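From a predicted model like this one, the values you see are computed outputs, not experimental measurements.
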Amino acid sequence: MPIINAEFLTKNCILHCMSQSQKTFLEVELKKGRVSNNVVGQIQRYLGHVKDDLAEENQCVKGVILGANDDLRIKRVLSITSNIKFFKY
């Protein structure tokens, strides 16, 4: 998937890195150090904006959070969210 923009300014927020294919928009949220469960709400707001204002009806919207460490709280939040994944760097 090609990167559309490394920092995408919208009317509501700044998306850190967004990629698009014919079927998917992918928002990548880069975090320094430990990732808190607050970042899930942050990326959900971004994904909601992309879904409502940028994506076509047949495109899915997904998110990836990249961070050095996670904890039990973010694991629990993400366990019920199917379109956002966490990866350690």
Inset, instruction - Could you go through the side-chain contact (heavy atoms from CB on, under 4.5 Å) check for Lys23 and Asn58 one step at a time? - result: CA-CA 7 Å; Lys23 295 183 178 185; Asn58 63 337; over 6 Å; no
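You'll find the side chain of Gln59 stays beyond 4.5 Å of the side chain of Thr24, heavy atoms only. Lys62 places none of its side-chain heavy atoms less than 4.5 Å from the side chain of Phe25. Looking at heavy atoms from C-beta onward, Leu26 lies out of side-chain contact with Val61 at the 4.5 angstrom threshold. For the pair Ile84 and Leu47, the minimum side-chain heavy-atom distance is below 4.5 Å. Taking the side chain as every heavy atom from C-beta outward, Phe87 and Val64 approach each other to under 4.5 Å. At a threshold of 4.5 Å between non-hydrogen side-chain atoms, the residues Val39 and Asn37 do not count as touching. Put simply, the side chain of Lys31 reaches to within 4.5 Å of the side chain of Gln42, judged on heavy atoms.
Across all their heavy atoms, Phe86 and Leu66 have their closest contact at CE1-C, 4.5 Å.
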Run the side-chain donor-acceptor check on residues 69-77: report pairs under 3.5 Å with partners two or more places apart or on a different chain.
{"from": "Asp71", "atom 1": "OD1", "to": "Arg73", "atom 2": "N", "distance (Å)": "3.2"}
{"from": "Asp71", "atom 1": "OD1", "to": "Ile74", "atom 2": "N", "distance (Å)": "3.0"}
{"from": "Asp71", "atom 1": "OD2", "to": "Arg73", "atom 2": "NH2", "distance (Å)": "3.4"}

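Here Leu78 contributes atom CG and Ile65 contributes atom CD1; the two are 5.0 Å apart, rounded to the nearest 0.5 Å. Going from atom CZ of Arg45 over to atom CD of Glu27 covers 11.5 Å, rounded to the nearest 0.5 Å.
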